[in-house]
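Keep in mind that the numbers below use all heavy atoms, side chains included, and drop hydrogens, waters and symmetry copies. Naming: A, B, ... by sequence-line order, numbering from 1 per chain.
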2 protein chains.
Amino acid sequence: MSTQSSTQPDEGTTAAARHWRVYGPLGLHPILLHAMEAFDEHGYHGTSVRDIAGRVGVTVPALYYHYENKQALLATLLETSIKDVLDRCRAAAEEAGDDPAARFRAMVESIVLYMAHRQGLAFLDTEIRSLEPGNRARYVALRDYLEHMLLDTVEAGAAQGVFTTPFPADAVRAVLVMCQGVANWYRPEGPLTAEEVARRHVLLGLGTVGYRGPAGNG
Amino acid sequence: MSTQSSTQPDEGTTAAARHWRVYGPLGLHPILLHAMEAFDEHGYHGTSVRDIAGRVGVTVPALYYHYENKQALLATLLETSIKDVLDRCRAAAEEAGDDPAARFRAMVESIVLYMAHRQGLAFLDTEIRSLEPGNRARYVALRDYLEHMLLDTVEAGAAQGVFTTPFPADAVRAVLVMCQGVANWYRPEGPLTAEEVARRHVLLGLGTVGYRGPAGNG
DNA sequence: CCTACCGATCGGTAGG
DNA sequence: CCTACCGATCGGTAGG
């Protein structure tokens with residue numbers, strides 16, 4: 001894959017792909033960071049550009065100097081987010097090797113860790129409806145790619161008899177929606193660490209795909 | 001419970017509680033119906049009262065004659081929705097009796113049937129952020145009640161050893177989010193009937209809670 | 001990056 | 001006086 005890519009100016013994506021469990025500071029431009037927070041609180045259409053400018057401490061025209069319009073803020077945030085989780089999930093799968101159960105565990109862990117450590121970005125997934133068609137198509141294509149990656153693994157496991165679900169596609173969709181759901185309720189200051197939430201969801205997800213491995217699932 | 005209740009003027013809620021698998025026409029006031037469609041397409045803040053009025057074919061003041069304001073439309077829709085699924089789920093659980101696995105199956109089936117048959121209402125769940133504090137608190141309380149109903153059943157099953165998940169609360173949240181997810185992708189004209197989607201999610205949900213019943217789960 | 005603004009549209013309400 | 005609205009416009013705000 002490319003070593004210098006993404007809309008993010010910092011080291012984020014590439015380093016993340018190599019060390020998929022490691023999460024540093026967000027490293028977003030202040031305008032993007034405050035746009036993210038505003039969109040999370042009030043939604044895209046419920047957020048005014050004056051609100052974002054006010055949070056950042058700049059004027060509205062200053063905001064438009066850095067970004068084309070409000071839509072570009074959302075599109076940049078969502079593209080940054082989906083590319084990061086995709087890179088991390090791919091790295092986790094590669095590290096896990098060929099065993100379907102090991103790959104599944106690693107992929108689910110990487111996705112849930114992302115949802116917890118990058119909750120503010122991950123929660124924006126609810127705003128895809130507000131993306132213009134082109135931006136939306138690009139985002140959905142990347143999200144579908146993530147789904148197909150996981151589906152390939154579940155189907156491989158089903159072929160080997162290690163996953164017993166009769167509905168791999170439905171099971172994968174269910175697992176991904178339960179991972180995405182973490183972004184809706186997880187709070188860093190809550191009782192569970194991101195790592196513990198990931199561990200639990202790996203086990204829940206294994207149950208959802210009907211895992212029958214050498215050591216069972218309980 | 002009350003026999004004459006809810007914000008819905010028609011037979012909806014009460015009859016639905018008795019026949020939780022039966023879905024008739026929505027029976028919503030035309031203004032509510034078109035507000036629902038607009039909110040589903042563009043979100044609450046992305047929908048203007050003029051858009052709603054235009055869809056219905058009435059003037060804006062006519063709309064304000066029937067409903068206090070835009071907020072009341074969303075609040076009424078969401079309250080109607082959560083009360084209906086709650087009534088149906090309760091009826092399904094009562095019909096299923098005391099066995100935790102039977103109750104779990106019935107409750108998940110009833111919830112997924114609701115998500116598929118009442119997709120337009122169920123999808124509005126993404127708009128709770130746009131509810132004013134009081135309306136939001138009432139909605140969340142009812143949704144929490146649904147979660148506690150399901151958790152009681154899963155904990156009862158865990159106590160009997162029929163559900164083996166070590167995390168009943170996380171498992172219930174995961175199951176509910178995968179049910180809610182049905183409202184995001186289900187299309188009546190698609191390949192699967194609501195009943196088939198419900199059947200599959202019952203099995204997926206049983207896997208998620210680690211069901212180890214007399215007949216297994218595969 | 002700011003001051004000074006625009007065409008239009010927002011949610012909601014006036015008198016009749 | 002009531003209902004079910006109407007054409008027009010309110011004070012403010014949207015993205016630009």
Side-chain angles (χ1 to χ4, degrees), chain A residues 7 9-10 27-79 124 126-136 139, chain B residues 7-10 27-80 124 126-136 139:
Chain A
T7 52
D10 73 331
L28 289 175
H29 187 289
I31 290 176
L32 281 181
L33 179 69
H34 289 92
M36 178 194 84
E37 293 174 355
F39 292 157
D40 277 338
E41 287 174 33
H42 308 296
Y44 178 75
H45 288 297
T47 300
S48 68
V49 292
R50 279 161 181 76
D51 177 15
I52 299 170
R55 289 169 187 250
V56 184
V58 300
T59 62
V60 170
L63 191 148
Y64 278 92
Y65 174 82
H66 291 285
Y67 293 91
E68 190 190 350
N69 51 28
K70 194 168 83 156
Q71 172 74 198
L73 294 174
L74 180 63
T76 302
L77 285 165
L78 279 171
E79 205 156 322
L124 293 177
T126 58
E127 297 299 326
I128 46 170
R129 174 178 47 191
S130 298
L131 284 177
E132 290 165 4
N135 293 328
R136 184 188 175 118
Y139 180 84
Chain B
T7 51
Q8 243 178 330
D10 73 331
L28 289 175
H29 188 289
I31 290 176
L32 282 180
L33 179 70
H34 289 92
M36 178 194 84
E37 292 173 357
F39 294 157
D40 277 339
E41 287 173 34
H42 308 295
Y44 178 74
H45 287 297
T47 300
S48 68
V49 292
R50 278 158 184 79
D51 177 16
I52 299 169
R55 289 169 187 250
V56 184
V58 300
T59 63
V60 171
L63 190 148
Y64 278 93
Y65 174 82
H66 290 286
Y67 293 92
E68 192 189 349
N69 50 28
K70 194 168 82 156
Q71 173 74 198
L73 294 174
L74 180 63
T76 302
L77 285 166
L78 279 171
E79 205 157 320
T80 299
L124 292 177
T126 59
E127 298 297 326
I128 46 170
R129 175 178 46 191
S130 298
L131 284 177
E132 290 165 4
N135 293 329
R136 184 188 174 120
Y139 181 83

Do A:R136 and A:R129 pass the side-chain contact (heavy atoms from CB on, under 4.5 Å) test, and can you show the C-alpha distance, the side-chain angles, and the key distance before you say yes or no? CA-CA 8 Å; A:R136 184 188 175 118; A:R129 174 178 47 191; 4.2 Å; yes
Tell me the interatomic distance from [X], atom [atom1], to [N], atom [atom2], rounded to whole angstroms.
| X | N | atom1 | atom2 | result |
| --- | --- | --- | --- | --- |
| B:Y65 | D:dA4 | OH | P | 3 Å |
| B:Y67 | D:dC5 | OH | P | 13 Å |
| A:H45 | C:dC10 | NE2 | P | 11 Å |
| A:L74 | D:dG15 | CG | P | 13 Å |
| B:N69 | C:dT13 | CG | P | 8 Å |
| B:H66 | C:dG12 | NE2 | P | 17 Å |
| A:L63 | C:dC2 | CG | C1' | 14 Å |
| A:E132 | D:dG15 | CD | C1' | 12 Å |

Give me the distance, rounded to whole Å, that separates D:dG12 from C:dA8 when you measure between the P atoms they each carry.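 Here D:dG12 and C:dA8 have their P atoms 22 Å from each other.
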Using the C1' atom in both, what is the distance from D:dT9 to C:dG11, to the nearest Å?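 Per the computed distance, 13 Å lies between those C1' atoms.
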Under 30°, 30 to 60°, or over 60°: which ring-plane class applies to B:F39 and B:Y44, parallel, tilted or perpendicular?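 Correct class here is tilted.
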When you measure from the side-chain N and O atoms of B:S48 to the phosphate of C:dC10, is any distance below 4.0 Å, counting only OP1 and OP2?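 Checking C:dC10 against B:S48, a side-chain N or O does come within under 4.0 Å of OP1 or OP2.
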To the side chain of [X], which of [options] is closest?
| X | options | value |
| --- | --- | --- |
| B:R50 | D:dC6, D:dG16, C:dC10 | C:dC10 |
| B:V60 | C:dT13, D:dC5, C:dC2 | C:dT13 |
| B:Y64 | C:dC1, D:dG15, C:dG12 | C:dG12 |
| B:T59 | C:dT13, D:dC6, C:dC2 | D:dC6 |
| A:K70 | D:dT3, D:dC5, D:dG15 | D:dG15 |

Within a strict 4.5 Å, meaning less than it, do heavy atoms of the A:V58 and A:H66 side chains meet?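 Sidechains of A:H66 and A:V58: no contact.
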Residues B:L63, B:V56; criterion side-chain contact (heavy atoms from CB on, under 4.5 Å); working and verdict: CA-CA 9 Å; B:L63 190 148; B:V56 184; 5.6 Å; no
Looking at B:T76 and B:L32, what are the two nearest heavy atoms and their distance?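 Smallest heavy-atom distance, with atoms named: CG2-CD1, 3.8 Å.
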